[in-house]
Number of protein chains: 2
Amino acid sequence: MQNKQHKFRQHLVRSGLKATRQRELIARAFFATNTHISAEALYRRVSGRDRRIGLVTVYRTLKLLKEAGLAHERQFGEGRALFEHASSDRHHDHMICSHCGKIVEFENCEIEALQEEVARRLGFTIQYHKLELYGRCKDCRADASGGTGRIRAVGAR
Amino acid sequence: MQNKQHKFRQHLVRSGLKATRQRELIARAFFATNTHISAEALYRRVSGRDRRIGLVTVYRTLKLLKEAGLAHERQFGEGRALFEHASSDRHHDHMICSHCGKIVEFENCEIEALQEEVARRLGFTIQYHKLELYGRCKDCRADASGGTGRIRAVGAR
DNA sequence: AATGAAATTGACAATCAATATCACTTTCAA
DNA sequence: TTGAAAGTGATATTGATTGTCAATTTCATT
């Protein structure tokens, strides 16, 4: 969206940074996604438009997008980070299909409230949290291909 | 505990693996811990007893302990994995002090129940989940050393 | 439009945790 | 005791990400 592109440029200006062709392109490609995407995958997309852009610049631009409050970095079970739009300003958690990798966002105030209560009992003040549910989505429950899928289990139950 | 050591040996036998001096030592050192420990840190401990043991063997033995159901691997905000005893058979989640790194385990059935509800609404079947609360513990709230501490934020709120 | 200081880029090296390789050593059933 | 199979440890390798640095680009100012 033009809106986000504009916000990004504003952030650059305010931070005394420069609006370059690469940043413009990478940001545009990122905003064009509607799912969680890895730096590598984003790189492949922009690479299609301009072969000269390097993966390193994609990493750097994603970092800038985070600083601008336009992207969130998520570490799910896998090795690499995934980036999502920070557009929906509300906090949300994630439900991830351990078979096909589908990611669904959700929010639940009751859970958040209970978290606060737990923290209070433990003498903590919550700064942020991470809630990820892993399981099978409707589609993947249908086909009984028992494999473990793309996302590895991480020792919870 | 002798009990766990025995269970580990049983797992080895049942899997057609061999009970070696190194495995014995590493497992003993692991069971002697009472907190979450990294492979590297465990290596340093056994290294104190027997300089000849390699880090690689520690990694391999921790993997065996996981397979034996005696250890859980956790990926918190940091880069490296931490391992904990799987003794308390019940599932639990973690509250982590973002300043001093202290880790407290807790369990909350209400949250679990709500998670199930959320998943059902989304058409998912939960296989496992990950809930981590990050914040300041009592002690670290006291001293106002505003730093971000050892554990990095991961873009949640 | 030209200038030039400061920022940016991209190729490559480096890091860091974890895993693979492989020659040598140890275990353990027979 | 023995020998096949498993295990070990030094080292190399991986894969994601970050650091380095010479060459290039931006952009406020001329």
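Residue numbers start from 1 in every chain, and the chains themselves are labelled A, B, ... in the order their sequence lines are given, proteins ahead of strands. Owing to the predicted nature of the structure, the values given are computational and were not obtained by experimental measurement.
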For this session: Could I get the full list of side-chain contact (heavy atoms from CB on, under 4.5 Å) partners for A:Glu40, not counting sequence neighbours?
Result: A:Ser38, A:Tyr43, A:Arg44, A:Leu55
For this session: Assign the ring pair A:His11 / A:Phe8 to parallel, tilted or perpendicular, where the plane angle (0 to 90°) is split at 30° and 60°.
Result: parallel
Seminar exercise, completed: Sorted by chain and residue number, the salt bridge (charged side-chain N to carboxylate O under 4.0 Å, His left out) partners of B:Arg28 (sequence neighbours excluded) come out as B:Glu24
Seminar exercise, completed: Numerically ordered, the residues 56-64 of chain A set in heavy-atom contact under 4.0 Å with DNA chain D is A:Val56, A:Tyr59, A:Arg60
Problem set entry | Short side-chain N/O contact to D:dG9 OP1/OP2 from B:Gln22, under 4.0 Å | yes
Table of protein N/O atoms under 3.5 Å from nucleotides 27-30 of chain D N/O atoms:
{"residue": "D:dC27", "atom": "OP1", "partner": "A:Ala19", "partner atom": "N", "Å": "3.0"}

Exercise. Does A:Arg21 pair with A:Asp50 as a salt bridge, N-O distance under 4.0 Å?
Worked result: yes
Exercise. To the nearest angstrom, how far is A:Leu55 atom CG from C:dA13 atom C1'?
Worked result: 15 Å
For this session: Rounded off to whole Å, could you give me the CG-to-P distance for the A:Leu12 and C:dT9 pair?
Result: 9 Å
For this session: Please assess A:Gln127 against B:Ser98 for the test side chain to side chain donor-acceptor pair (under 3.5 Å), listing each intermediate value before the final yes or no.
Result: CA-CA 8 Å; A:Gln127 292 171 324; B:Ser98 56; 2.4 Å; yes
For this session: Give a yes-or-no answer on whether the side chains of B:His85 and B:Lys4 include a donor-acceptor pair shorter than 3.5 Å.
Result: yes
Exercise. In terms of ring plane angle, is the pair A:Tyr128 and B:Tyr134 parallel, tilted or perpendicular, where the classes change at 30° and 60°?
Worked result: parallel
For this session: Would you mind reading off the distance between B:Leu82 atom CG and C:dA17 atom P, rounded to a whole angstrom?
Result: 12 Å
For this session: Could you tell me the separation between the CD atom of B:Glu73 and the C1' atom of C:dA18, rounded to a whole number of Å?
Result: 10 Å
Seminar exercise, completed: Here the distance between atom P of D:dA16 and atom CZ of A:Phe76, to the nearest Å, is 17 Å
Exercise. With the 4.5 Å side-chain cut-off for hydrophobic clustering, are A:Met95 and A:Leu114 part of the same group?
Worked result: yes
For this session: Using only side-chain N and O atoms of B:Arg23, determine if any of them is under 4.0 Å from OP1 or OP2 of D:dG7.
Result: yes
Exercise. Which residues, if any, of residues 40-54 of chain B bring a heavy atom under 4.0 Å of DNA chain D?
Worked result: B:Arg52, B:Ile53, B:Gly54
For this session: Measure from CZ on A:Arg80 to C1' on D:dT17 and round the result to the nearest Å.
Result: 14 Å
Problem set entry | OP1 or OP2 of D:dG7 under 4.0 Å from side-chain N/O of B:Arg21 | no
Exercise. Hey, is A:Glu117 close enough to A:Arg121 for a salt bridge, meaning N to O under 4.0 Å?
Worked result: yes
For this session: Can you tell me the distance, in whole Å, between the CD atom of B:Glu24 and the C1' atom of C:dT26?
Result: 15 Å
For this session: Figure out the CD/P separation between A:Gln75 and C:dA17, and round it to whole Å.
Result: 14 Å
Exercise. Between B:Asp93 and B:Lys130, is the closest basic N to carboxylate O distance under 4.0 Å?
Worked result: no
Seminar exercise, completed: Across all chains, not counting sequence neighbours, the salt bridge (charged side-chain N to carboxylate O under 4.0 Å, His left out) partners of B:Glu107 are B:Arg90
